[in-house]
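Please read the structure below before turning to the comments.
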Amino acid sequence: MASAAASYDLRFDAGRLCLDLVATAEPVERLDSPRRLRAWLLGVGLVPPGTPLDAVDAAWLARFQAARGLLHRVVHAEIDGRAADPDLERVNALAVTAPPAPVVVRSADGDLVRAVTGTPDCGALVGQIARDAVQLLTDPAERNRLRRCEGEGCPLVYVDTSRGRRRRWCSSEVCGNRERVARHRAMKRR
């Protein structure tokens with residue numbers, strides 16, 4: 001049961017905000033409730049700790065899942081050759097929404113911390129993710145670092161920032177470990 005729990009954990013290792021959102025659908029649905037969406041928003045750093053997220057509900061969840069599907073199509077199509085223009089237009093339409101404005105405030109213990117002005121709305125947060133996708137897809141150097149995981153059956157895409165650009169897996173701890181275990185078992189069988 002531990003492996004099922006581990007596969008259900010939120011992951012933040014794709015190298016870009018938009019790719020981390022896409023990764024929430026594989027290998028199992030990770031954004032299956034407003035509570036999990038709130039955890040993802042905080043975990044990925046889209047909003048700073050302490051940001052009120054009481055408004056996150058099933059409608060927010062549906063919008064994030066729809067944006068995730070769109071970004072999945074665009075990123076995978078771009079790796080395979082070319083993203084469809086209608087999908088790119090949809091990404092652009094999402095990206096024009098104004099993001100929540102970050103501000104610096106002093107915490108109770110006197111440290112400077114990031115906060116947002118007001119309560120962020122769903123469209124603004126989805127827009128921030130769409131802008132990240134626009135930056136990724138229009139930066140030739142970043143786009144050339146996009147890789148599809150070599151793990152068996154893993155469809156995740158990540159930005160390869162390793163030395164020599166030799167990263168093979170979306171996560172060394174997940175897919176890399178699976179491959180090492182499979183290789184070890186095969187050697188023991190021989």
Would you check if the side chain of N144 reaches a backbone N or O of P140 as a donor-acceptor pair within less than 3.5 Å? yes
Beyond-backbone contact of P48 with V116, side-chain heavy atoms, under 4.5 angstrom: yes
Hey, does the side chain of H76 reach the backbone of L156 with a donor-acceptor pair shorter than 3.5 angstrom? no
For R145 and D160, what are the C-alpha separation, side-chain angles and deciding distance, and is it a salt bridge (Lys or Arg N to Asp or Glu O under 4.0 Å)? CA-CA 5 Å; R145 291 183 184 134; D160 184 359; over 6 Å; no
Which atom pair, heavy atoms only, marks the closest approach of L94 to A130? CB-CB, 3.7 Å
Distance col, row R38:CZ vs W60:CH2, nearest 0.5 angstrom, shows 9.5 Å
Is the backbone of F64 close enough, under 3.5 Å, to the side chain of R68 for a donor and an acceptor to pair up by distance? no
Within one Ile-Leu-Val-Met-Phe-Trp-Tyr cluster: L70 and L17, side-chain cutoff 4.5 Å: yes
Heavy-atom donor-acceptor pair, T51 side chain to V47 backbone, under 3.5 Å: no
Closest approach of L136 to E142 (non-hydrogen atoms, all atoms of both residues): CD1-CB, 3.9 Å
Correct closest heavy-atom pair for R63 and G123 would be NH2-CA, 3.3 Å
Which pair of heavy atoms, one from L71 and one from A133, lies closest together, and at what distance? CD2-CB, 3.6 Å
With a 3.5 Å distance limit and no angle check, can you tell me whether R143 reaches the backbone of L137 through a side-chain donor-acceptor pair? yes
Gap separating the CG atom of L88 from the CG atom of N92, nearest 0.5 angstrom: 7.0 Å
Identify the two heavy atoms, one from R131 and one from T97, that lie closest to each other, and give their separation to 0.1 Å. NH1-O, 2.6 Å
For the student: nearest non-hydrogen atoms of V134 and A95, plus distance: CG2-CB, 4.1 Å
Mark yes or no for whether D20, through its side chain, and A23, through its backbone, hold a donor-acceptor pair below 3.5 Å. no
Can a donor-acceptor pair be found, under 3.5 Å and without considering hydrogens, that links the side chain of R36 to the backbone of R30? yes
Flag, side chain of R16 to backbone of D132, donor-acceptor distance under 3.5 Å: yes
